[in-house]
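Working notes, beginning with the structure itself.
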Amino acid sequence: MDTRVRDLIFTPLVERYLSEIIPDFTMELPDGPVTTPAQISFDEDKFLFAVHFVDGNPPESLISPGKSTFTKDNTFTVRGQLASEIAFECRDVYPPSRRTTRSRGTVTVILESSKMHLPAEGADEMDTAELSELLGTPREGSPEVSSNFRSHSIFHGPKLRLPNARSETLRKNDFLGEASESSLDTHVFKGQGYEGALIQKGQELHLHLRSNEFNLPAEANWTAVVRSIERALGFTHGFHPWPAYRETRLNHRVIERSISSHLGLGQTNLSPLSKSMWMNIRELPADPLHHIIPTVAHGLAILPASFQKGLETMLWQFRSMELSDLPGSTKLLLICAILDGTMKLLAGKTDPTKSSPTTKAWKSGCAAAGLSWDKWGNELFELYGKHRQHLAHGWLWIPSSDNPEVHFTDYPKLCGGLNTLVAAACGYEGRILTNAFRSGAVIIKSLKGDRP
């Protein structure tokens, strides 16, 4: 991350004191661009822009149209400069619904955004050839291909669970000599055409990716690769894959740089792996767990777009449920519904008007993921049926000392079943947690069955 970006935006954002006057704040409204001073701040999970109209006449498109529901067609873009140094634009701004105040002839309108794009400027707009020419060392030979790719994403809040490499700090003093210290804070991995590293830095989990092959096709969609790895990371580590900062460069040219308001991401322990499970096989490089992130990322990338969206929604609901303060009985009902929906998604049963028996849908879902019904699916289906019917029909079960196995056994088993199903559908065959509360694990390959 550029030092200016960290000092002027990211650090104030993290520490909750972001506040700047933007004298040239421009709004690209439907009835034409409007430029006026504004003040940026941060509140909970949004960037806020307080726009002042001293004449008391804001544009018509900023006056609440009398509805509280907007679509993407209602959004517009705002742009400006922070501290007269960093240009930004927000492309997802909706018209204000109720945050408009009037005082002594001045109208103040509050606009909100969750993501701030930082357009490339200066050398960041140049590719490798342009930079070489600028420096007086023009490149010769064939045209450039997309072989020089780098990206950097920062997730604020989650912790690394797969450390397999160290960071070493060396200090040298003329009197005391050299002293070094190291920490196991990095996970390195390789995928098809790229290599990556996850590095823990305090509350920040940094994801670095770079191409490691030459002569890759120029149309290679590196943005999709980054998104798939971010989603795989969120799945394996149990948090929403929402980076607070993302930067991607192709042949040294910035093709994306943005800051979002996703800070303090929660992380659930009911994820496919744990640090204790990892430490037991860390010295076994042939174990598939060493490659779980690129394997799941590749599996997600080759799924049909509609299936990716559905699966992403299921995982978002699962993590949101687990990270909430909902009662245990409600979480139990929700995980049953999420499992049911994922099975039907895998089975291709996406039309509620053409429903089929639940058992048939589950068997088809297991087969689509390559899992055996007899070895795995039937037992999970019986556990699902044990709780789903009572909960769905109003017999809400509340955890008590009389039934501790439900909260510490059945619920994490159902969560582990969802993780196993998703990992298997993505082509992962290694070990995975089946009960995070009791460190139960299984190797997916041993649960495989014949595909239809």
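The analysis underlying the following values was restricted to heavy atoms, covering all of them including side chains, and did not include hydrogens, waters or symmetry mates.
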Mark yes when over 12 heavy atoms from residues, nucleotides or ligands other than [X] sit less than 6.0 Å from its [atom1]; otherwise mark no.
{"X": "R210", "atom1": "CZ", "answer": "no"}
{"X": "K331", "atom1": "NZ", "answer": "yes"}
{"X": "W316", "atom1": "CH2", "answer": "no"}
{"X": "K190", "atom1": "NZ", "answer": "no"}
{"X": "Q81", "atom1": "CD", "answer": "yes"}

Decide yes or no on side-chain contact (heavy atoms from CB on, under 4.5 Å) for L111 and F76, but give the supporting numbers first. CA-CA 11 Å; L111 303 178; F76 56 90; 4.2 Å; yes

Looking at side-chain heavy atoms only, is the closest gap between [X] and [Y] below 4.5 Å?
{"X": "F49", "Y": "F47", "result": "yes"}
{"X": "T186", "Y": "P163", "result": "no"}
{"X": "F235", "Y": "L300", "result": "no"}
{"X": "M314", "Y": "L339", "result": "no"}
{"X": "E379", "Y": "L383", "result": "no"}
{"X": "W376", "Y": "T420", "result": "yes"}
{"X": "V93", "Y": "E112", "result": "no"}
{"X": "R246", "Y": "R227", "result": "yes"}

If only atom types and distance count, is the side chain of [X] paired as donor or acceptor with the main-chain N or O of [Y] below 3.5 Å?
{"X": "H152", "Y": "L207", "value": "no"}
{"X": "K201", "Y": "H206", "value": "no"}
{"X": "Q200", "Y": "G202", "value": "yes"}
{"X": "E28", "Y": "T77", "value": "no"}
{"X": "S183", "Y": "D185", "value": "no"}
{"X": "T330", "Y": "L326", "value": "no"}
{"X": "Q267", "Y": "H237", "value": "yes"}
{"X": "D2", "Y": "R4", "value": "yes"}
{"X": "T342", "Y": "I338", "value": "yes"}
{"X": "S261", "Y": "D45", "value": "yes"}

When rounded to the nearest 0.5 angstrom, what distance separates [atom1] in [X] from [atom2] in [Y]?
{"X": "L346", "Y": "L311", "atom1": "CG", "atom2": "CG", "result": "7.5 Å"}
{"X": "K309", "Y": "T313", "atom1": "NZ", "atom2": "OG1", "result": "7.0 Å"}
{"X": "L380", "Y": "C366", "atom1": "CG", "atom2": "SG", "result": "7.5 Å"}
{"X": "I22", "Y": "I40", "atom1": "CD1", "atom2": "CD1", "result": "5.0 Å"}
{"X": "R249", "Y": "H252", "atom1": "CZ", "atom2": "NE2", "result": "9.0 Å"}
{"X": "D340", "Y": "I335", "atom1": "CG", "atom2": "CD1", "result": "11.0 Å"}

Taking all non-hydrogen atoms of both residues, which atom of [X] and which atom of [Y] are closest, and how far apart?
{"X": "T358", "Y": "F381", "result": "CG2-CE1, 3.8 Å"}
{"X": "A347", "Y": "G365", "result": "CB-N, 3.8 Å"}
{"X": "F239", "Y": "P158", "result": "CD2-CB, 3.4 Å"}
{"X": "M277", "Y": "A441", "result": "SD-CB, 4.0 Å"}
{"X": "P119", "Y": "A87", "result": "CD-O, 3.4 Å"}
{"X": "H117", "Y": "S258", "result": "ND1-CB, 4.0 Å"}

May I ask you to decide if the ring planes of F189 and Y194 are parallel, tilted or perpendicular, using 30° and 60° as cut-offs?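 Answer is perpendicular, since the angle exceeds 60°.
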
Residue pairs, two or more places apart or on separate chains, that pass side chain to side chain donor-acceptor pair (under 3.5 Å) and touch residues 153-165: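 Matches after skipping sequence neighbours: S153-E230, R161-N269, R161-S271, N164-H187.
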
For R431, is there an ion pair with D287 - N to carboxylate O distance below 4.0 angstrom?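 Here D287 pairs with R431 in a salt bridge, since their nearest N and O are under 4.0 Å apart.
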
Pair L160, K275 - check side-chain contact (heavy atoms from CB on, under 4.5 Å), show working. CA-CA 8 Å; L160 176 65; K275 194 170 183 178; over 6 Å; no

Evaluate the criterion side-chain contact (heavy atoms from CB on, under 4.5 Å) for residue pair S41 and L18; output intermediate values, then yes/no. CA-CA 5 Å; S41 59; L18 178 65; over 6 Å; no

Residue pair S320 / H240, side-chain donor-acceptor N/O under 3.5 Å: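 On atom types as modelled, these side chains qualify, holding a pair under 3.5 Å.
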
Distance only, no hydrogens: is a donor on one side chain within 3.5 Å (strictly under) of an acceptor on the other, for E247 and Y245?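 Their side chains do contain a donor-acceptor pair, which is all the 3.5 Å distance test asks for.
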
Full working for salt bridge (Lys or Arg N to Asp or Glu O under 4.0 Å) between E204 and R6: CA-CA 13 Å; E204 300 174 7; R6 179 171 285 279; 3.2 Å; yes

Assess whether side-chain contact (heavy atoms from CB on, under 4.5 Å) is satisfied between L414 and K386, documenting all intermediate values. CA-CA 11 Å; L414 289 167; K386 173 183 173 183; over 6 Å; no

